[in-house]
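Note on naming: letters A, B, ... go to the chains in the order of the sequence lines (proteins, then strands), and numbering restarts at 1 for each one. These numbers come from the heavy atoms of this one structure, side chains and all, not from hydrogens, waters or symmetry mates. All values reported here derive from a predicted model rather than from experimental measurement.
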Protein chains: 2
Amino acid sequence: MFEARLSQGSLLKKILEAVKELVTDANFDCSETGIALQAMDNSHVALVSVLLRAQGFDPYRCDRNMPLGVNLNSLNKILKCAGNEDIITLKADDSGDTLGLIFESPNNDRIGEYELKLMDIDQEHLGIPDTDYEAIVRMASSEFQRIMRDLTVISESVTIDVEKEGIKFTSSGEFGTGAVTLKPHVDIDNEEAATSIELSQSVSLTFSLKYLTLFSKSTPLSDQVTLFLSDNVPLLVEYKMGDSAYIRYYLAPKINDDQ
Amino acid sequence: MFEARLSQGSLLKKILEAVKELVTDANFDCSETGIALQAMDNSHVALVSVLLRAQGFDPYRCDRNMPLGVNLNSLNKILKCAGNEDIITLKADDSGDTLGLIFESPNNDRIGEYELKLMDIDQEHLGIPDTDYEAIVRMASSEFQRIMRDLTVISESVTIDVEKEGIKFTSSGEFGTGAVTLKPHVDIDNEEAATSIELSQSVSLTFSLKYLTLFSKSTPLSDQVTLFLSDNVPLLVEYKMGDSAYIRYYLAPKINDDQ
DNA sequence: GGAAAAGTCT
DNA sequence: AGACTTTTCC
């Protein structure tokens, strides 16, 4: 028996909006500690990892570990039937054939009950090694999204250079080049606009803009995004939703063949 | 060495939005007095003339005349990477191979640096004779845009009749006819909504609505537009942005063969 | 919360 | 290029 009640249903709606273009099918691994989703993207280039801790639900109950194989497209369609203010309850009985979704309107005068057929998905739960990253950059998620969108005009890839003085995104293409630099700063009026850099070593890595743009679809989930970079290690892009949930993306750097 | 800093960067963004569908490639003729762009439209029917006087920039420096051949589509793409509030600086060294663009965010924590490859464009700087126009009509630019859009439904061309009593736009097509008349008036509350007519002789001229509609894409640049008309002379449509910049369109009248 | 504008997708 | 969706402004 699995049951999880999420008072802020929009969280789940936004997560599926963020992930659905990257992954089509994935397991919701439900356990005592919460719900985890981990999947390679469709082209097996990027990795998505979502965690919804049990403490973010009220109540949360999961008697035994259950991998719920979900077609994210179908789930997203069903979640579009929930209002942004709705309370969402997820349910699965021990057979694990279907995922039940209950949408309660805020004033409780409207109840939506949906059932999603589940599927068996080969579990390829990858262990992600803990890494001590050489550079950790925290910035406004909207800024990150904007920069990715801007540089897409110039090229298909971006080089990220992190130094103490700032983080620089550079692209070079047919008709020209573009570079955006953010300096670390605190904005008292706009706390979410702050940029901070922790650095043990300068890094310079190149990534596919297509994937970074897809990652940045998580912008509605958090005002801030954190980039974790190290040489020859996949980039980690993390969006934290309070303390009880996060969505993480991993992307391997491109090999620098232009030097 | 050429360098021009424009505190109101949105001006440049809007100019490119206004012109990009009419002209694909053009020279930015930079000189001591400012930046001028003059080009026939792609079908060689209309003429666009943009002037950005040096006084509109701070600072402005241009050691020698330089024609910077620009693909307006590419430039527009780069300008989309600038925020509406950004300060834009244009730069070119004497080689004239590239145009540098620097976008500074208002609070200076974000710098975008772009380079656009330049091209050689055959200089066809046309001398535009000064004309004493028979009719000069000043009206709200949004009104002009609206009328052009409305009459496009009726026909592909519009006849503009100017008399002391008003300016009349008439179209006639398959399924009907349309006419919009504006009377001269002053609006004390809405100064920009005023319509004024200076007239030495009544005129009646017919123009392609396609081009007038393209001209009216300059609406965001100025609340007012001025139409200069004379018999057998190209129409001049002028949008003034303060005293230091303007954009002018010229369009030859259609031959009246329906009479 | 609605309308207008921009961006994105077909 | 057009329509739809999304975002921003009022």
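- Between the CZ atom of A:Arg149 and the P atom of D:dT6 there is a distance of 15 Å, rounded to whole Å.
- Separation of the B:Tyr246 and B:Tyr239 ring centroids does not fall under the 6.0 Å cut-off.
- When the side-chain contact (heavy atoms from CB on, under 4.5 Å) test is applied to B:Val45, the partners found at least two apart in sequence or on another chain are B:Asp41, B:Ser43, B:Tyr211, B:Leu251.
- Remark: P of C:dA6 and NZ of B:Lys77 are 18 Å apart, rounded to the nearest angstrom.
- Atom-to-atom, NZ of A:Lys80 to P of D:dT5 comes out at 9 Å; the value is rounded to the nearest Å.
- With rounding to whole Å, B:Leu79 atom CG is found 17 Å from C:dG7 atom C1'.
- Remark: C1' of C:dA4 and CZ of B:Arg146 are 14 Å apart, rounded to the nearest angstrom.
- Using modelled atom types, one finds no donor on one side chain facing an acceptor on the other under 3.5 Å when comparing A:Glu238 with A:Thr226.
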Q | A:Glu156 vs A:Lys254, salt bridge (Lys or Arg N to Asp or Glu O under 4.0 Å): CA-CA, chis, key distance, verdict | A | CA-CA 11 Å; A:Glu156 291 188 337; A:Lys254 288 193 171 187; 5.8 Å; no
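- In this structure, A:Gln145 places its CD atom 8 Å from P of D:dT7, rounding to the nearest Å.
- Rounded to a whole Å, the NZ atom of B:Lys14 is 10 Å from the P atom of C:dA6.
- The nearest whole Å value for the distance from the CD atom in A:Glu17 to the P atom in D:dT7 is 9 Å.
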